[in-house]
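Accompanying notes for the structure given below.
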Amino acid sequence: MNYYEAYKDVWIFHKKYIDKVSDADGFWNAVTEDARALAKKYQECDFIKNLILNEVDEFERLVKASAV
């Protein structure tokens, strides 16, 4: 696996959504779709899936923090 490319793709995923985090269904549908596509690109590699899940967890944390 090319780790540089993998990290770059996860960074692009992060940048795409980090400033748009919301609890709207449209946001989460887009995140889910892109996360699945990214995991598929790397053949469902556990390393990539864990990076993606950490990103999604952070988005969820931000949503919960803004609801307080």
Side-chain angles (χ1 to χ4, degrees):
M1 175 191 334
N2 182 330
Y3 286 96
Y4 175 81
E5 287 298 317
Y7 276 113
K8 184 179 84 172
D9 286 342
V10 172
W11 173 244
I12 290 168
F13 175 77
H14 171 88
K15 284 190 340 180
K16 182 175 182 178
Y17 292 108
I18 195 67
D19 292 330
K20 301 174 188 169
V21 172
S22 79
D23 61 355
D25 288 343
F27 171 81
W28 289 106
N29 290 339
V31 166
T32 301
E33 184 178 317
D34 283 353
R36 286 183 179 147
L38 187 54
K40 185 176 180 179
K41 177 178 180 178
Y42 290 95
Q43 294 79 42
E44 306 292 331
C45 168
D46 285 340
F47 176 74
I48 292 297
K49 290 193 314 188
N50 286 327
L51 289 176
I52 294 166
L53 286 172
N54 281 321
E55 288 293 334
V56 172
D57 285 347
E58 179 64 4
F59 300 158
E60 289 177 349
R61 185 190 71 75
L62 293 170
V63 167
K64 289 176 184 174
S66 69
V68 173

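- With rounding to the nearest 0.5 Å, the separation of CD1 in I48 from CD in E5 is 10.5 Å.
- Residue D19 holds its CG atom at 7.5 Å from NE2 of H14, rounded to the nearest 0.5 Å.
- A heavy-atom distance below 4.5 Å is found between the side chains of K8 and I12.
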Under 3.5 Å, which donor-acceptor pairs do the side chains of residues 33-40 form with other protein atoms, sequence neighbours left out?
from	atom 1	to	atom 2	distance (Å)
D34	OD2	K16	NZ	2.7
D34	OD2	Y17	OH	2.4

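- Taking CZ from F59 and CG from D23, the interatomic distance works out to 14.5 Å, rounded to the nearest 0.5 Å.
- Taking both residues in full, the closest heavy atoms of V56 and W28 are given as CG1-CZ3, 4.0 Å, listed atom of the first, atom of the second, then distance.
- Transitive grouping of hydrophobic side chains (ILVMFWY, heavy atoms separated by less than 4.5 Å) keeps Y4 and V10 in distinct clusters.
- At a threshold of 4.5 Å between side-chain heavy atoms, the hydrophobic network of Ile, Leu, Val, Met, Phe, Trp and Tyr places L53 and M1 in two separate groups.
- Taking Y7 as the reference, F47 meet the ring pair (Phe, Tyr, Trp, His ring centres under 6.0 Å) condition, with sequence neighbours excluded.
- Interatomic distance, CH2 of W11 versus CD1 of I18, reported as 8.5 Å (0.5 Å rounding).
- No side-chain donor-acceptor contact under 3.5 Å links E44 to the backbone of Y42.
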